[in-house]
J.: 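The structure's right below; bear with me while I get my questions together.
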Amino acid sequence: MGSDEVIPRRKLADQVLERLIELIRGGRLAPGDKMPSERALMQRYGVGRPAVREALQTLEGMGLIAIRHGERARVREVNAASVFDQIDLTARHLLSTSPQSLDHLKEARLLFEIDMVRIAAERAGAEDIARLRAALEAQRGAEDTAAFVKADIAFHGALAAVSGNPIFTALSNAMLNWLMEYHFDLVHVPGLERLTLVEHEAVVERLAEGDGEGAVRAMADHLNRANDLYRLENR
């Protein structure tokens, strides 16, 4: 018998983890519900405390439960935003240690934003345009740099939300927050707030007019302008 045919023994913690995931995915434990106590799980599955604790810690690492000291773990609500929150620290570590990954992120963001405008041009209704204009006005009324950047991210998030796809909205927020930390000048160039507002307004007005290609060009001009400035400043 070859070694590739040997059935490996599974850790008890892995087996407990599989059972708990089945409970959550099957709806027997819903978001907000308390997990069974460690003692109850030990009795239920006939395992020791270490196996139960390891399984619970793995569930927490997956973002499926929240563990607080002195309390029973609770099932978390999982959505697109929480998934990106879960990988946030890992993504930041990757970006801080890999210049190539940061270049890849910048390229992905450019293509992503262009596609968001194309989708918005196809799907945007009057309410969507109103929300985009409200986001633009919020950015216009920002009192300092931090508020302006926060409003900038919200504007792009509102644009992604026109798609009706929550993954797009969460991805937009994640990418811009990562860029804000590692290349702030790609998200905001100090002193060019008015130009940013003019460029954002051009995108919204082209969408309001039903000019999809014009909106795409306006977004491309906006993003490439920022990238050109970045290259000039880093020569």
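What you see below is based on every heavy atom in this structure, not just the backbone, and it leaves out hydrogens, waters and symmetry mates.
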J.: Might you point out which heavy atoms bring Ala142 and Ala147 nearest each other, and give the distance in Å?
T.: CB-C, 3.7 Å
J.: Any idea which heavy atoms bring Phe168 and Ala160 closest together, and the distance?
T.: O-CB, 3.8 Å
J.: So which heavy atom on Thr97 is nearest to which on Pro99, and how close?
T.: O-CD, 3.8 Å
J.: May I have the step-by-step check of salt bridge (Lys or Arg N to Asp or Glu O under 4.0 Å) for Arg118 and Glu213, ending in yes or no?
T.: CA-CA 8 Å; Arg118 292 190 192 281; Glu213 287 306 310; 3.6 Å; yes
J.: With a 4.5 Å heavy-atom cut-off, do Pro50 and Leu12 have their side chains touching?
T.: no
J.: Residues two or more places apart in sequence or in another chain: which of them pass side chain to side chain donor-acceptor pair (under 3.5 Å) with Arg123?
T.: none
J.: Any side-chain heavy-atom pair from Glu199 and Asp221 closer than 4.5 angstrom?
T.: no
J.: Restricting to non-hydrogen atoms, name the atom on Lys34 and the atom on Leu29 that form the minimum distance, rounded to 0.1 Å.
T.: O-CD2, 3.9 Å
J.: Give, for atom CE of Met180 and atom NZ of Lys150, the distance between the pair rounded to the nearest 0.5 Å.
T.: 10.0 Å
J.: Do Ser172 and Thr169 touch side chain to side chain, with heavy atoms closer than 4.5 Å?
T.: no
J.: For Arg109 and Glu113, run salt bridge (Lys or Arg N to Asp or Glu O under 4.0 Å): C-alpha distance rounded to whole Å, both residues' side-chain angles, the deciding distance at 0.1 Å, then the answer.
T.: CA-CA 6 Å; Arg109 188 238 171 165; Glu113 295 287 356; 3.7 Å; yes
J.: Which pairs with one or both residues in residues 124-133 pass side-chain hydrogen bond (donor to acceptor under 3.5 Å, both in side chains), sequence neighbours excluded?
T.: Asp128-Arg131, Arg133-Glu205
J.: Quick check for you: to the nearest 0.5 Å, what is the distance between Arg74 atom CZ and Ile65 atom CD1?
T.: 12.0 Å
J.: For Ala124 versus Ile129, what's the shortest heavy-atom pair and its separation?
T.: CB-CD1, 4.2 Å
J.: I'd like to know whether CG of Leu195 has more than 12 heavy-atom contacts from other residues, nucleotides or ligands below 6.0 angstrom.
T.: yes
J.: Could you tell me whether the side chain of Ser98 and the main chain of Leu95 form a donor-acceptor pair under 3.5 Å?
T.: no
J.: Which residue pairs satisfy the ring pair (Phe, Tyr, Trp, His ring centres under 6.0 Å) criterion with at least one member in residues 194-214, sequence neighbours excluded?
T.: Phe155-His200, His156-His200, His200-His222
J.: Considering residues at least two apart in sequence or located in another chain, which fulfil the salt bridge (charged side-chain N to carboxylate O under 4.0 Å, His left out) criterion with Glu22?
T.: none
J.: Could you tell me whether the side chain of Leu179 reaches within less than 4.5 Å of the side chain of Leu102, counting heavy atoms only?
T.: yes
J.: In Å and rounded to the nearest 0.5 Å, what is the CZ to CD distance from Arg140 to Glu137?
T.: 4.5 Å
J.: If you take all heavy atoms of Ala66 and Arg76, which pair is closest and at what distance?
T.: N-CG, 3.6 Å
J.: With side chain to side chain contact (heavy atoms under 4.5 Å, CB included) as the test, pick out the partner of Leu59 among Ile67, Val16, Val75, Leu17.
T.: Leu17
J.: Count I, L, V, M, F, W, Y as connected when their side-chain heavy atoms are under 4.5 Å apart, and connections chain through other members. Are Ile21 and Val83 then in the same cluster?
T.: yes
J.: Name all pairs fulfilling the side-chain hydrogen bond (donor to acceptor under 3.5 Å, both in side chains) condition that reach into residues 52-63, sequence neighbours left out, sorted by first residue then second.
T.: Lys11-Glu54, Glu38-Arg53
J.: Please say yes or no: joined through hydrophobic side-chain contacts below 4.5 Å, possibly via intermediate residues, are Met62 and Leu41 part of one cluster?
T.: yes
J.: How far does CZ of Arg44 sit from CG of Leu23, to the nearest 0.5 angstrom?
T.: 5.0 Å
J.: With side chain to side chain contact (heavy atoms under 4.5 Å, CB included) as the test, would you mind laying out the steps for Tyr45 and Leu20 before giving the verdict?
T.: CA-CA 10 Å; Tyr45 298 126; Leu20 295 178; 4.1 Å; yes
J.: Rounded to the nearest 0.5 Å, what separation is found between the CZ atom of Arg49 and the CG atom of Leu56?
T.: 10.5 Å
J.: Does the side chain of Gln15 come within less than 4.5 Å of Val47's, by heavy atoms?
T.: no
J.: Are Val162 and Ile119 close enough that some pair of their side-chain heavy atoms sits under 4.5 Å apart?
T.: no
J.: Evaluate the criterion side chain to side chain contact (heavy atoms under 4.5 Å, CB included) for residue pair Leu207 and Leu159; output intermediate values, then yes/no.
T.: CA-CA 10 Å; Leu207 289 173; Leu159 184 62; 3.9 Å; yes
J.: To the nearest 0.5 angstrom, please state how far the CG atom of Leu176 sits from the CZ atom of Phe112.
T.: 8.5 Å
J.: Does Arg19 have any salt bridge (charged side-chain N to carboxylate O under 4.0 Å, His left out) partners at least two apart in sequence or in another chain, and if so, which?
T.: none
